[in-house]
Participant: 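Right, I'll just put the structure down here and ask away after.
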Amino acid sequence: MIKILKYDFEEDIELLVIGDVHIGDKDCDINMVKNTINYIKNNKNCYCFLNGDLLNMALKSSVSFEYETTSPHSEYTKLVELLAPIKDKILGVTLGNHDDRLLKESGIDIISFMCKDLGITDRYCKYQALLLIRIRTEKRSQTHKIFITHGIGGGGRMIGSKANFLSKLTG
């Protein structure tokens with residue numbers, strides 16, 4: 001199911017889509033994450049959408065299992081700490097496949113907990129979102145329609161598997 005989120009702004013905005021950060025992975029560029037968050041925080045009309053795999057979520061059953069830099073609990077604590085200063089600038093949140101692996105294995109939706117801890121449960125979209133962003137200025141009124149999904153369950157990395165996944169979204 002697609003969750004629809006509507007926003008009205010009286011000025012142009014900048015929207016950053018943040019995903020595949022993989023906090024906890026040894027290759028995560030935490031300085032880039034911090035710089036991006038600071039950019040959002042310090043720019044009045046800059047907002048973001050969180051599009052999955054913010055955490056690495058390596059579980060014992062995962063192909064990529066190893067606590068590369070931190071445990072899943074430490075990853076989660078770090079993520080909430082990093083996002084707290086921009087919580088009011090997060091327009092929506094979806095799960096990624098790494099987040100979804102914990103949900104499938106244990107029934108724990110770590111990203112819904114994150115949204116609760118940040119006070120943004122109304123912006124939690126689970127798998128898919130449709131952002132309706134209306135910009136109303138003195139000169140014009142324009143609505144932008146943005147569909148966002150991380151693409152969980154695509155079944156592969158080839159073009160054909162992605163096409164098949166997209167066709168399932170419409171049915």
Side-chain angles (χ1 to χ4, degrees), residues 1-25 28 32-33 36-41 43-57 72 75-76 78-136 141-157 159 161-171:
M1 176 180 242
I2 299 172
K3 183 168 183 174
I4 299 172
L5 299 170
K6 296 179 182 181
Y7 294 96
D8 287 305
F9 295 96
E10 294 180 5
E11 297 178 277
D12 288 337
I13 68 163
E14 181 177 8
L15 176 63
L16 304 180
V17 178
I18 300 171
D20 289 300
V21 173
H22 294 276
I23 291 173
D25 186 280
C28 173
M32 184 179 72
V33 174
T36 302
I37 289 169
N38 282 329
Y39 179 83
I40 295 165
K41 179 179 155 189
N43 287 279
K44 177 185 161 197
N45 292 333
C46 187
Y47 297 85
C48 68
F49 190 100
L50 305 177
N51 192 28
D53 287 356
L54 303 171
L55 304 169
N56 196 42
M57 270 304 122
E75 292 173 21
Y76 176 80
K78 182 70 172 174
L79 178 64
V80 172
E81 174 188 305
L82 287 167
L83 293 174
I86 63 164
K87 66 181 181 177
D88 295 330
K89 293 183 146 210
I90 298 169
L91 300 185
V93 182
T94 56
L95 291 174
N97 53 301
H98 284 241
D99 314 310
D100 195 51
R101 71 169 54 144
L102 179 64
L103 178 60
K104 286 181 178 174
E105 188 167 308
S106 68
I108 296 171
D109 186 341
I110 195 77
I111 299 304
S112 71
F113 289 160
M114 179 202 75
C115 289
K116 183 177 181 198
D117 287 346
L118 292 172
I120 60 169
T121 55
D122 58 325
R123 292 173 247 167
Y124 175 65
C125 304
K126 199 159 188 178
Y127 296 117
Q128 304 169 37
L130 180 62
L131 291 179
L132 301 176
I133 298 175
R134 185 167 58 170
I135 310 291
R136 288 186 294 153
S141 178
Q142 185 174 13
T143 299
H144 302 273
K145 299 170 186 162
I146 305 165
F147 175 74
I148 299 178
T149 184
H150 187 81
I152 296 167
R157 296 177 185 219
I159 292 170
S161 64
K162 298 302 178 196
N164 289 335
F165 171 73
L166 290 172
S167 72
K168 289 179 189 175
L169 288 178
T170 61

Participant: So, applying side-chain contact (heavy atoms from CB on, under 4.5 Å) with Val93, which one of Leu50, Leu83, Asn51 is it?
Facilitator: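 Among Leu50, Leu83, Asn51, the one meeting side-chain contact (heavy atoms from CB on, under 4.5 Å) with Val93 is Leu50.
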Participant: Identify the heavy atoms of Asn56 and Gly24 that sit nearest to each other, and give their distance.
Facilitator: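 Distance-wise, the nearest heavy atoms are CB-C, 4.2 Å.
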Participant: Which heavy atom of Thr94 sits nearest a heavy atom of Ile148, and at what distance?
Facilitator: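 Closest approach of Thr94 to Ile148: CG2-O, 4.3 Å.
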Participant: For residues Thr36 and Leu16, determine if any side-chain heavy atom of one lies less than 4.5 Å from a side-chain heavy atom of the other.
Facilitator: yes
Participant: Please give me the minimum heavy-atom distance between Val80 and Leu118, naming the atom from each residue.
Facilitator: O-CD2, 3.9 Å
Participant: What's the separation between atom CG in Leu15 and atom SG in Cys46, rounded to the nearest 0.5 Å?
Facilitator: 8.0 Å
Participant: Does any part of the side chain of His150, heavy atoms only, come nearer than 4.5 Å to the side chain of Asp20, both counted from C-beta?
Facilitator: yes
Participant: Give the minimum heavy-atom separation between Lys87 and Ile120, together with the two atoms involved.
Facilitator: O-CG2, 3.6 Å
Participant: Kindly indicate, with the supporting measurements, whether the criterion side chain to side chain contact (heavy atoms under 4.5 Å, CB included) is fulfilled by Phe49 and Leu131.
Facilitator: CA-CA 10 Å; Phe49 190 100; Leu131 291 179; 3.8 Å; yes
Participant: Do you know which two heavy atoms are closest between Gly19 and Leu54, and how far apart they sit?
Facilitator: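 Here Gly19 and Leu54 meet closest at CA-CD2, 4.5 Å.
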Participant: Could you tell me whether the side chain of Gln128 reaches within less than 4.5 Å of the side chain of Ile4, counting heavy atoms only?
Facilitator: no
Participant: Checking Arg123 side chain against Ile90 main chain: does a donor-acceptor pair fall under 3.5 Å?
Facilitator: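 Looks like yes, one N/O pair under 3.5 Å.
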Participant: Restricting to non-hydrogen atoms, name the atom on Cys28 and the atom on Val33 that form the minimum distance, rounded to 0.1 Å.
Facilitator: SG-CG2, 4.5 Å
Participant: Does the side chain to side chain contact (heavy atoms under 4.5 Å, CB included) test come out yes or no for Leu91 and Ile133, once each step is laid out?
Facilitator: CA-CA 10 Å; Leu91 300 185; Ile133 298 175; 4.1 Å; yes
Participant: Between CG of Leu79 and CG of Asp117, what distance do you get to the nearest 0.5 Å?
Facilitator: 10.0 Å
Participant: What distance do Tyr127 atom OH and Thr149 atom OG1 have between them, rounded to the nearest 0.5 Å?
Facilitator: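 It comes to 10.0 Å.
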Participant: Salt bridge check, Lys78 against Glu75: does any charged N sit closer than 4.0 Å to a carboxylate O?
Facilitator: no
Participant: Determine whether a donor-acceptor pair (N or O, by modelled atom type, separation under 3.5 Å) exists between the side chain of Lys89 and the backbone of Ile40.
Facilitator: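 Such a contact is found between Lys89 side chain and Ile40 backbone.
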Participant: Would Ile23 and Leu82 satisfy side chain to side chain contact (heavy atoms under 4.5 Å, CB included), going step by step from the backbone distance to the final call?
Facilitator: CA-CA 11 Å; Ile23 291 173; Leu82 287 167; 3.8 Å; yes
Participant: Please report the interatomic distance CZ(Arg134) to CG(Asp8), rounded to the nearest 0.5 Å.
Facilitator: 4.0 Å
Participant: How long is the gap from CG on Asp12 to CD1 on Ile135, to the nearest 0.5 Å?
Facilitator: 5.5 Å
Participant: Could you check His22 against His98 for side chain to side chain contact (heavy atoms under 4.5 Å, CB included), going step by step and ending with a plain yes or no?
Facilitator: CA-CA 8 Å; His22 294 276; His98 284 241; 3.3 Å; yes
Participant: Do Tyr47 and Phe9 have ring centres separated by under 6.0 Å?
Facilitator: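 Yes.
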Participant: I need the Ile37 CD1 to Cys48 SG distance, nearest 0.5 Å.
Facilitator: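 The SG atom of Cys48 is 8.0 Å from CD1 of Ile37, to the nearest 0.5 Å.
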Participant: Test of understanding: with ring-ring contact (aromatic ring centres under 6.0 Å, His included), list the residues that count as partners of Phe113, not counting sequence neighbours.
Facilitator: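 Residues passing ring-ring contact (aromatic ring centres under 6.0 Å, His included) with Phe113: none at all.
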Participant: With a 3.5 Å cut-off and no angle check, do the side chains of Tyr39 and Glu14 form a donor-acceptor pair?
Facilitator: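 Yes.
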Participant: Please check: side-chain N/O of Tyr124 versus main-chain N/O of Ile111, any donor-acceptor pairing under 3.5 Å?
Facilitator: no
Participant: With a 4.5 Å limit on heavy-atom distance, are the side chains of Met1 and Lys126 in contact?
Facilitator: no
Participant: Would you mind reporting whether Leu5 and Leu130 have side-chain heavy atoms less than 4.5 Å apart?
Facilitator: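 Contact flag for Leu130/Leu5 side chains = no.
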Participant: Could you tell me whether the side chain of Asp109 and the main chain of Ser112 form a donor-acceptor pair under 3.5 Å?
Facilitator: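 Yes, because the side chain of Asp109 sits within donor-acceptor range (under 3.5 Å) of the backbone of Ser112.
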